[in-house]
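Sequential numbering from 1 along the given sequence is applied to the chain's residues. The model shown is predicted, which means the values in this text are computed figures rather than measured ones.
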Amino acid sequence: MTPQDRAERAAKLMWDDDPASQGLGMSLDSIAPGRSVISMRVREDMANGHGICHGGFIFTLADSAFAFACNSYNHRVVAQHNSITYLAPGKLGERLVATATETSRNGRSGIYDVTVTGEDGRAVALFRGHSRQISGTHFDETD
């Protein structure tokens, strides 16, 4: 099994069991070892009192991209610590894209950076996720 095959199989299993990301209309656009791209259209029910995308939805989009990137090695991995910096508003109706990239992976810990961009390419948010590997895998590789 190639590393790409492993990433794709783990992502499919996770996606099939992820009603939160699916319920928000997210799309898993790309997966590779240590990397993922997930997008989401900003709906009216995601707006805050300023008429822009609520930061919690932007965080959730970035967190989902982080989760798929750090679980791409067929090890169960969870978030240990995450932080986000908002740079520009997410506009109603636009598609936001979260690109997660592995920065460091050592032992059971990892660091992943996620950039959320708007349709015009502007940076909307920068997210950093610290991961921790727990016991188990997404699938048995001896099958």
Could you identify which residues cluster with V78, counting Ile, Leu, Val, Met, Phe, Trp and Tyr as linked when any side-chain heavy atoms lie under 4.5 Å apart, either directly or through a chain of such contacts? I134
Which Ile, Leu, Val, Met, Phe, Trp or Tyr residues join I111 in one cluster when any pair of side-chain heavy atoms under 4.5 Å counts as a link?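 Its cluster partners, ordered by chain and number, are none at all.
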Keeping the roles fixed (side chain from [X], backbone from [Y]), state whether a donor-acceptor pair exists under 3.5 Å.
{"X": "H54", "Y": "G56", "value": "yes"}
{"X": "S30", "Y": "V37", "value": "no"}
{"X": "D63", "Y": "F59", "value": "no"}
{"X": "Q4", "Y": "I31", "value": "yes"}
{"X": "T101", "Y": "R35", "value": "no"}

Sequence neighbours excluded, which residues qualify as side chain to side chain contact (heavy atoms under 4.5 Å, CB included) partners of L24?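 Per chain and number, L24 pairs via side chain to side chain contact (heavy atoms under 4.5 Å, CB included) with M26, M40, R43, M46, F57, T60.
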Only counting residues at least two apart or in another chain, list the ones meeting side chain to side chain contact (heavy atoms under 4.5 Å, CB included) with S109.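 Listed in chain order: R132.
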Checking H130 now: which residues fulfil ring-ring contact (aromatic ring centres under 6.0 Å, His included) with it, not counting sequence neighbours?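 For H130, the residues satisfying ring-ring contact (aromatic ring centres under 6.0 Å, His included) (neighbours in sequence not counted) are H81.
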Joint cluster assignment, W15 & Y73, ILVMFWY side-chain distance < 4.5 Å: yes
What about V114 and L96, same hydrophobic cluster or not, with Ile/Leu/Val/Met/Phe/Trp/Tyr joined at side-chain heavy-atom distances under 4.5 Å?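 Linked within one cluster.
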Can you give me every donor-acceptor pair (side chain of residues 119-129, partner residue at least two apart or in another chain, under 3.5 Å) with its distance?
| from | atom 1 | to | atom 2 | distance (Å) |
| --- | --- | --- | --- | --- |
| E119 | OE2 | R41 | NH1 | 3.2 |
| E119 | OE2 | R95 | N | 3.1 |
| D120 | OD1 | R122 | N | 3.0 |
| D120 | OD1 | R122 | NH1 | 2.8 |
| R122 | NH1 | E94 | OE1 | 3.2 |
| R122 | NH2 | P89 | O | 2.7 |
| R122 | NH2 | E94 | OE2 | 2.5 |
| R128 | NE | D113 | OD1 | 2.6 |
| R128 | NH2 | D113 | OD1 | 3.2 |
| R128 | NH2 | D113 | OD2 | 2.8 |

